[in-house]
Protein chains: 2
Amino acid sequence: MARVTARDVAEVAGVSQATVSYVINDNPNQKISPATRERVLRAVQDLGYAPSAAARALRMGTSGAVLLILPHVPIGPVVGAFIECLEAELKERGLGLVTRRVDDGEDLTLLWRQVMPAAVVSMVAMGREERAALEGAGIFLAEALLSPRREESTLSLPQLLVGRLQVEHLAMAGHRHIGYAAAADAQVEEFLRLRLEGVRMSCVELGLDLPDVQWIEADAAAAQAAVEEWRAREPRVTAVCAYNDEIAFVVLAGMRRAGLRAPEDLALIGVDNIPLAPFADPPLTTIDQNVDVSAKHLAQLVRAGIDGEPLPRVPRSESVTLVVRESA
Amino acid sequence: MARVTARDVAEVAGVSQATVSYVINDNPNQKISPATRERVLRAVQDLGYAPSAAARALRMGTSGAVLLILPHVPIGPVVGAFIECLEAELKERGLGLVTRRVDDGEDLTLLWRQVMPAAVVSMVAMGREERAALEGAGIFLAEALLSPRREESTLSLPQLLVGRLQVEHLAMAGHRHIGYAAAADAQVEEFLRLRLEGVRMSCVELGLDLPDVQWIEADAAAAQAAVEEWRAREPRVTAVCAYNDEIAFVVLAGMRRAGLRAPEDLALIGVDNIPLAPFADPPLTTIDQNVDVSAKHLAQLVRAGIDGEPLPRVPRSESVTLVVRESA
DNA sequence: TTGTATGCGTTATCAA
DNA sequence: TTGATAACGCATACAA
C-alpha cells in the first residue's frame with residue numbers, strides 16, 4: 001500500500017498534477033472550473049489523499065509549524081496550561097505547535113534548522129548571532145523570557161515582580177521578618193534565583209530584614225524542621241514566601257505537624273495559583289502569573305510576525321496578580 | 001543568508017555532495033578516508049550545516065519521529081509525567097517525540113500521513129482500516145488504551161482496575177457503604193466512566209451497595225454539601241472513592257468545612273498519586289498508575305517495532321498500585 | 001482554464 | 001574511495 005500522491009489523484013481525476021495542487025491549495029491566481037474542482041475533490045476523497053508534509057516543507061522552505069522551545073523544567077500545571085493555551089490559540093489561527101525541551105548546552109540552531117518552523121517561541125534566551133541567523137532564515141522569533149529585554153517581540157515573564165508582590169502583600173499586613181521556602185530542585189534554579197532576588201529587593205526597599213531562606217525537600221518532617229527554624233529565629237519569622245504553591249503545600253504540612261496555623265502563627269504565600277490552591281488548609285494566598293494571557297499575546301505576536309504584518313502592541317511585561325485567600 | 005546545504009559543505013571541503021552525505025550518516029557500506037572525513041566535518045562545523053529535516057523525510061519516506069496521539073484531556077501532573085517520561089525514554093533511543101492532541105471527530109489518517117512518523121503511540125482507539133493503513137505504510141503502531149484489546153503491541157491502562165482497587169481497599173477496612181466523588185469535567189468523561197464502572201463491579205462482587213455518586217465541582221461549599229449528603233444517607237456512607245487526587249483534595253476541603261476528619265468520619269481514597277498527595281491533610285491514600293513504567297514499556301515496544309525486531313514481552317496490562325497513607 | 005517543466009535538499013545506486 | 005545522477009512529492013512560473 002504505497003503512498004497516495006497528488007499524481008495518483010490527478011490520474012483518477014483525469015487532470016494534471018498541477019491542477020490537483022491548485023485545487024488543494026485554493027490557489028488564488030488560478031481559476032479552476034467548478035467541474036474540474038469537483039472531480040479533483042472527489043478523487044481526493046476516494047483515494048484518501050493527504051499531502052506529504054515533508055514534500056511541502058521542502059518546497060516551501062518552511063514546515064509552517066511554530067516551534068516552542070522550553071527549558072528543561074518539570075511540566076506542572078502552569079507549564080501545562082501555558083502549552084495547552086498556546087496550542088489552542090495557534091490552532092485557531094491555523095498553526096501547529098511543536099514543543100521541544102532543550103538541555104542547557106544544546107545547540108538551538110540545529111534544532112530550528114531541522115524543524116524549519118515559520119516561527120519560534122522561545123523561553124530560553126538566544127544569543128545575538130542566533131537571532132540574526134533566524135532573521136536571515138526568515139523565521140519570526142518571539143521570546144518569552146524570565147529576564148526582560150527591550151525588544152519588540154519579546155515579552156517577559158517577570159519573576160522578579162512575582163517575588164516583589166509576595167513581599168509587598170506580606171509587608172502590607174505588617175510582617176517585618178519574612179522567610180523564604182526555596183525549592184531544592186535544580187531544574188527550577190533559574191526561576192528560583194529570580195523570584196528570590198525579587199523578594200530580596202523588595203525587602204530592602206521596604207526596610208525589612210533580608211529573607212531567611214530554608215530549602216524545602218518534598219518531606220513533611222523536613223518541612224516541619226524548617227518551620228521550627230523560622231519560629232526559633234530572633235526576631236521570629238512571621239511570614240513566609242514559598243517558591244511556588246507546591247512548596248507552600250509542603251510548608252503547610254510541616255506547619256500542621258508543628259501544630260501551627262496560617263496565617264496566625266505563620267503567614268504563607270505561594271506562586272502559581274494552581275487549581276488546588278483554593279483547597280489548601282487554609283486556602284492559599286498566591287501570585288497568579290496569568291500564563292493564559294501570555295499565551296494569547298504570544299499567539300498574536302506570532303501570527304502577525306508570520307504574516308509580515310506590523311506587530312500588535314502587546315504589553316512588554318506580562319501582568320502578575322495577587323490572589324488573596326486566607327493563608328496570608 | 002540562505003540555507004546552508006550539503007552542496008555548500010561539499011564545495012568548501014572540496015568533495016562531492018554525495019561524499020558529504022556519506023560522512024554525515026556514517027554510511028556503513030562506504031569507506032571514507034580519514035583525511036576526507038576530517039575535511040568534511042570541519043566544513044560542517046565552519047558553515048554550521050544542519051541537514052534539512054524535510055528533505056531527509058521526503059527522501060527516506062519517514063520523519064523518524066514518533067507521533068503521540070492524545071485524547072483531549074487536561075495536561076495535569078500525570079499526563080505531564082507520562083509525556084515527559086516517554087520523551088526521555090525515546091530520546092535515549094535517538095527518537096524524537098511529536099505530541100498531538102486530537103478532538104473526537106478528527107481524522108487520524110490525515111494526521112499521520114502529514115507527520116510521516118516512524119511509529120505512532122496512540123491513546124485513542126483506532127479503527128480496523130486505520131490500523132491496516134498504518135501497517136501498509138510501514139508505520140509501527142503501539143496503543144495505550146483504556147479499554148483493553150488483545151493485540152501484541154497494545155498495552156492497557158486499566159481504569160477498571162483502578163476503581164476496583166479503590167473499593168477493595170475500602171472494603172478491607174470494613175466499609176460497606178461507599179460514595180463516589182465524580183469529576184464534573186466533560187474532558188475526562190471516558191476515564192470517569194471506566195473508573196466508576198470498576199467501582200460498581202467491585203461493589204457488586206464484594207456484596208456492597210452500589211456507590212452513591214456525587215458530582216463534585218471545583219468549589220469547597222459545593223463539596224461540603226456533597227459530603228453532607230453522604231452523611232445524611234440511610235445507611236450512612238462511610239468511605240468515598242474520588243475520581244482522582246484533585247477531586248479528593250476538594251472533598252477534603254468540603255469535609256473540613258463540615259467539621260469532619262478522614263478517615264474517622266469519612267474515609268477517602270484518590271487516584272494518581274500526584275506529588276501533592278502526601279501533603280494533604282490527612283495524607284492521601286491513593287492509587288498509583290505508574291505511568292512512568294508504562295512509558296518505558298511503550299518506548300521499548302516502539303523501539304523494537306521500528307527496528308523490525310521481535311516485540312519484547314511486555315505486560316498486556318500495566319500495573320496499578322495502592323499507596324496507603326492516612327486518609328483511608 | 002489547464003498542462004509542462006523545474007527545483008527544493010537529501011539519500012542511494014551505480015559507474016568511474 | 002569518490003562522483004555524477006536519479007528519485008522522493010509538491011508548488012509554481014510559464015507555455016499552451
Side-chain angles (χ1 to χ4, degrees), chain A residues 1-41 43-44 47-64 110 112-116 118 137-138, chain B residues 2-41 43-44 47-65 110 112-116 118 137-138:
Chain A
M1 203 199 273
R3 184 180 183 104
V4 181
T5 78
R7 267 160 90 131
D8 302 329
V9 174
E11 197 161 336
V12 169
V15 299
S16 85
Q17 179 267 323
T19 306
V20 174
S21 192
Y22 294 144
V23 172
I24 298 290
N25 305 326
D26 275 331
N27 191 319
N29 39 13
Q30 278 294 334
K31 304 261 38 145
I32 301 287
S33 74
T36 333
R37 144 165 285 128
E38 180 60 29
R39 278 210 317 269
V40 171
L41 289 178
V44 167
L47 299 181
Y49 166 73
S52 149
R56 183 178 237 136
L58 179 56
R59 179 63 230 252
M60 305 294 276
T62 171
S63 69
L110 237 77
W112 61 258
R113 293 240 170 125
Q114 281 179 1
V115 179
M116 302 205 287
Chain B
R3 183 180 183 105
V4 180
T5 78
R7 268 161 90 127
D8 301 330
V9 175
E11 197 162 336
V12 169
V15 299
S16 88
Q17 180 271 358
T19 306
V20 175
S21 189
Y22 293 143
V23 173
I24 298 290
N25 304 327
D26 274 333
N27 190 320
N29 42 14
Q30 280 293 333
K31 303 262 33 143
I32 300 288
S33 72
T36 334
R37 143 164 287 131
E38 180 59 31
R39 277 208 322 265
V40 171
L41 289 178
V44 167
L47 299 181
Y49 165 74
S52 149
R56 183 179 239 138
L58 179 57
R59 178 62 230 244
M60 307 292 275
T62 172
S63 68
L110 240 78
W112 61 259
R113 293 243 168 122
Q114 282 178 359
V115 179
M116 301 203 290

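When reading the values below, keep in mind they use all heavy atoms of this one structure, side chains included, and skip hydrogens, waters and symmetry mates. Labels below follow one simple rule: chain letters A, B, ... track the order of the sequence lines, proteins then strands, and each chain is numbered from 1. What you see is a predicted model; the values in this text were computed from it and never measured.
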Can you name the nearest heavy-atom pair linking [X] to [Y], along with the distance?
{"X": "B:L47", "Y": "A:R113", "answer": "O-NH1, 4.4 Å"}
{"X": "B:L58", "Y": "A:A54", "answer": "N-CB, 3.7 Å"}
{"X": "B:S52", "Y": "B:R3", "answer": "CA-NH2, 3.0 Å"}

Next on the checklist: Show every salt bridge (charged side-chain N to carboxylate O under 4.0 Å, His left out) that has at least one partner inside residues 9-33 of chain A, sequence neighbours left out.
Outcome noted: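 Applying salt bridge (charged side-chain N to carboxylate O under 4.0 Å, His left out) to every pair that reaches into residues 9-33 of chain A, excluding sequence neighbours, yields A:D26-A:R37.
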Next on the checklist: Less than 4.5 Å apart, side chain to side chain, heavy atoms only: is that true for B:V23 and B:T36?
Outcome noted: no
Item to check | Protein proximity profile, nucleotides 11-16 of chain D - base contact B, sugar-phosphate-only contact S, no contact -, cut-off 4.0 Å on heavy atoms | outcome: BBBB--
Checklist entry - Can you tell me how far C1' of D:dC10 sits from CG of B:L58, to the nearest Å? => result 8 Å
Next on the checklist: Between P on C:dG9 and CZ on A:R113, what's the gap in Å once rounded to a whole number?
Outcome noted: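 About 12 Å, once rounded to whole Å.
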Item to check | Results of side chain to side chain contact (heavy atoms under 4.5 Å, CB included) for A:A6 - residues two or more places apart only | outcome: A:Q17, A:V20, A:Y49
Item to check | B:R7: partners by salt bridge (Lys or Arg N to Asp or Glu O under 4.0 Å), with sequence neighbours left out | outcome: none
Item to check | Under 4.0 angstrom between A:T36 side-chain N/O and C:dT2 OP1 or OP2 | outcome: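 For C:dT2, OP1 or OP2 has a side-chain N or O of A:T36 closer than 4.0 Å.
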Checklist entry - Is any side-chain nitrogen or oxygen of B:S33 closer than 4.0 Å to OP1 or OP2 of D:dT2? => result yes
Item to check | Close residues, residues 7-16 of chain A, relative to DNA chain D [heavy-atom separation under 4.0 Å] | outcome: none
Item to check | Test side-chain hydrogen bond (donor to acceptor under 3.5 Å, both in side chains) applied to A:E38 - qualifying residues, sequence neighbours left out | outcome: A:R42
